[in-house]
Amino acid sequence: MSTQQENNFQAIIAHAKEYGFVFPGSEIYDGLGAVYDYGPYGSELKKNIRDYWWKSMTQLHENIVGIDAAIFMHPATWKASGHVDNFNDPMIDNKDSRKRYRVDHLIEAHAAKLEEKGQPKEAEALLQEMDALLSKDDFAGLKHLIESNKIVCAVSGTCNWTDIRQFNLMFDTKLGSVTDEADTIYLRPETAQGIFVNFLNVQKTARMKIPFGIAQTGKAFRNEIVARQFIFRMREFEQMEMQFFVRPGTEGEWYKYWKQARLQWHLSLGIPAKKYRYHDHVKLAHYAKEACDIEFEFPFGFKEVEGIHSRSDFDLTRHQLYSKKKMQYFDADIDAATGKPYGNYVPYVIETSIGLDRMFLLIMAHAYEEETITKEDGSTDSRVVMHIPEKIAPIKLAILPLTKKDGLPEIARDLMDECKNYFRCFYEEKDAIGKRYRRQDAIGTPFCVTIDHQTKEDNTVTIRYRDSMQQERILLSQVKDIVINAIV
RNA sequence: GCGGAAAUAGCUCAUCCGGUAGAGCAUCAGUUUCCCAAACUGAAGGUGGCGGGUUCGAGUCCCGUUUUCCGCUCCA
């Protein structure tokens, strides 16, 4: 990572705060780790990205519908999904090698070694003691067990361990107002399960036929071991997910389809293709058949923005097992091979999952530019401009009377009233015109319209384009449609 | 998690060896202004991250603490 890129990233973070995009969370209390708040322009941009995604998924795909499932879900959900068992383990670090181990794996490996050495009784006793301590969550006892058995790190060969800590991927809380009687439930670590548990509800009520998809956006929560890099890795974040249900045997072609379609969505925002790349997973998660990431070249390197996973029938089968409800679909289409309907089956799933906050950061990183301008007289000037795609810019149009008298504000206000029902506008009559243009550049407003004395004579205004800084004279009556054409 | 650095006005930064806290930009009020941040007048803005110590006196020296950044580690 070059120093220049690093500085650029710092500048983006500073700009984000200065211009009301992203603030550190709970800042007046010294902040809260890895939590951020979106400001006036940030919340607009975030909403616009979400809407753009939602529209591209639901409005433009007749076979995809949306839901909005609750963040709280029945605890059995996370048993079924594997989150409870896979992400709830006591961990221990070796101070010399700085390698991290799951405590049970470490002890089990040692027991296996004892067995090899012909000490099966000792191995058995060790495992029994471990199970007893694990069930009591006795971390001090477990550490003592490791030390007294002289279990060493495979890398450093030393027995120099940290205290045992529990790594909890999921946040828990209490459901029920009376604490004693309340049950522990989790804040969802992914939105996908809300889709899976509603699979039958959606399929039946919206009368969906396979292949079809269910889309959802929403908050999810994860404890991260290290949270850094601004909004890239947060404990509270928002996902935009779509689960696409297909007939078993067709998952390969649908995986290819969505892999391609999702990259196309990114490119549709006008971001250069060379900033993107695929990263195909070699090591796959327990549920996956095929998986890839769409990576973007952030100021701190290529990083994952979106994942496309072929999840097989893992999730629905697991929910079928835990809920004892049939998570199946009757496919009435005729199978050419047999001449009969495909019949009942658990559908296979292709998942597309994109981090809204990461997409936001992607847009900020792509858009931010410190530009040096050479003026007509040869002198240079600089501006900070956010080249945010018109479709998702927080403010679409700034309406600026050149002066605040001679009836210019009145004309500007009329234009404001005409346009504000269609898109977000910004009115300003303060300061010199150049200063107002620069302020709009800094928040990424693609169009500025200036009302001057000539407007009173011939109903024309100056429209000024953010990226080129070019100006042209257009009819006042054209303004609304020009902006609408650019943002739809 | 480990190591290093930093924290002064909304922002960027000064304040030399410990002696009353300063500028530019931004903000606010007004004047001026017909197209790219740069005109004029005035105003407001600070418990120097927080807590302790040394000292007649601390933004400045020492200790602690919090936060942030950098590197390594970890994690998807």
Side-chain angles (χ1 to χ4, degrees), chain A residues 1 3 6-7 9-11 13-15 17-20 23-35 86-87 91-102 155 161-163 165 167 169 189-190 222-230 232-233 235 237 279 281 283-285 288 291 293 295 300 303-307 309 353 355 358 371 373-377 379-385 398 400-406 408 429-442 448-457 461-466 468-473:
Chain A
M1 190 182 331
T3 311
E6 196 56 56
N7 291 342
F9 187 44
Q10 294 316 317
I13 296 170
H15 189 85
K17 187 185 168 198
E18 183 73 8
Y19 287 92
F23 309 126
S26 307
E27 196 189 10
I28 63 168
Y29 295 110
D30 283 333
L32 186 63
V35 176
N86 288 334
F87 299 103
M91 315 285 271
I92 194 165
D93 294 355
N94 184 271
K95 288 179 185 169
D96 300 309
S97 66
R98 287 169 169 173
K99 196 104 179 83
R100 174 164 292 162
Y101 295 90
R102 274 176 58 169
V155 178
W161 299 103
T162 62
D163 284 342
R165 283 162 301 192
F167 171 63
L169 176 90
E190 63 174 25
R222 282 182 202 172
N223 266 312
E224 301 282 357
I225 293 188
V226 180
R228 265 198 212 178
Q229 288 171 327
F230 196 41
F232 187 80
R233 179 160 288 154
R235 297 204 162 94
F237 60 102
H279 173 246
H281 289 206
K283 220 177 103 185
L284 296 169
D293 297 334
E295 296 186 334
F300 43 89
K303 297 281 178 184
E304 175 189 355
V305 195
E306 174 156 9
H309 293 217
S353 174
R358 288 182 179 188
E371 193 179 38
I373 306 151
T374 306
K375 293 200 268 198
E376 282 174 12
D377 64 5
S379 64
T380 59
D381 198 356
S382 68
R383 67 166 181 162
V384 173
V385 54
L400 314 170
L402 196 56
T403 65
K404 51 184 151 187
K405 53 183 186 187
D406 302 332
L408 302 186
E429 56 188 36
K430 237 184 89 61
D431 289 320
I433 191 69
K435 219 177 243 191
R436 283 181 272 169
Y437 284 153
R438 296 302 171 87
R439 277 201 282 263
Q440 295 305 314
D441 289 341
C448 293
V449 156
T450 302
I451 286 89
D452 57 20
H453 281 94
Q454 195 185 328
T455 309
K456 292 198 289 187
E457 286 153 27
V461 293
T462 304
I463 186 165
R464 181 261 194 190
Y465 302 104
R466 175 193 66 200
S468 65
M469 297 173 75
Q470 295 296 309
Q471 306 188 134
E472 16 174 352
R473 202 79 201 169

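Chain naming here is simple, since letters A, B, ... match the order of the sequence lines and numbering starts at 1 in each.
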Quick one: side-chain hydrogen bond (donor to acceptor under 3.5 Å, both in side chains) partners of A:Glu306, sequence neighbours excluded?
A:Arg262, A:His266
In chain order, what residues pass the side-chain hydrogen bond (donor to acceptor under 3.5 Å, both in side chains) check against A:Glu429, with sequence neighbours excluded?
A:Tyr427
Counting side-chain heavy atoms from C-beta on, which of B:U33, B:C35, B:C28 comes nearest to A:Lys430?
B:C28
According to side-chain contact (heavy atoms from CB on, under 4.5 Å), who are the partners of [X], at least two apart in sequence or on a separate chain?
{"X": "A:Val35", "answer": "A:Leu32"}
{"X": "A:Thr450", "answer": "A:Leu400, A:Leu402, A:Ile433, A:Tyr437, A:Thr462"}
{"X": "A:Glu27", "answer": "A:Lys17, A:Pro24"}

Taking salt bridge (charged side-chain N to carboxylate O under 4.0 Å, His left out) as the definition, give me every residue that meets it alongside [X], ordered by chain and number, with sequence neighbours left out.
{"X": "A:Lys303", "result": "none"}
{"X": "A:Arg358", "result": "none"}
{"X": "A:Arg439", "result": "A:Glu428, A:Asp431"}
{"X": "A:Asp293", "result": "none"}

Looking only at atom P, what distance separates B:C63 and B:U20, rounded to whole Å?
25 Å
Specify the glycosidic conformation (syn or anti) of B:C17, with syn defined as within 90° of 0.
syn
Set out, line by line, the N/O atom pairs under 3.5 Å between protein and nucleotides 37-40 of chain B.
unit_1, atom_1, unit_2, atom_2, d
B:A37, OP2, A:Asp381, OD2, 2.3
B:A37, OP2, A:Arg438, NH2, 3.2
B:A37, N7, A:Arg438, NH1, 3.0
B:A38, OP1, A:Lys435, NZ, 3.2
B:A38, N6, A:Asp381, OD1, 2.9
B:A38, N6, A:Asp381, OD2, 3.4

Stem list, RNA chain B (Watson-Crick or G-U pairing under 3.5 Å, at least 3 consecutive pairs)
B:1-7 with B:66-72, B:10-13 with B:22-25, B:27-31 with B:39-43, B:49-53 with B:61-65
Identify the pairs formed between an N or O of the protein and an N or O of nucleotides 5-13 of chain B at a distance under 3.5 Å, and give each distance.
unit_1, atom_1, unit_2, atom_2, d
B:C11, O4', A:Glu18, OE1, 3.4

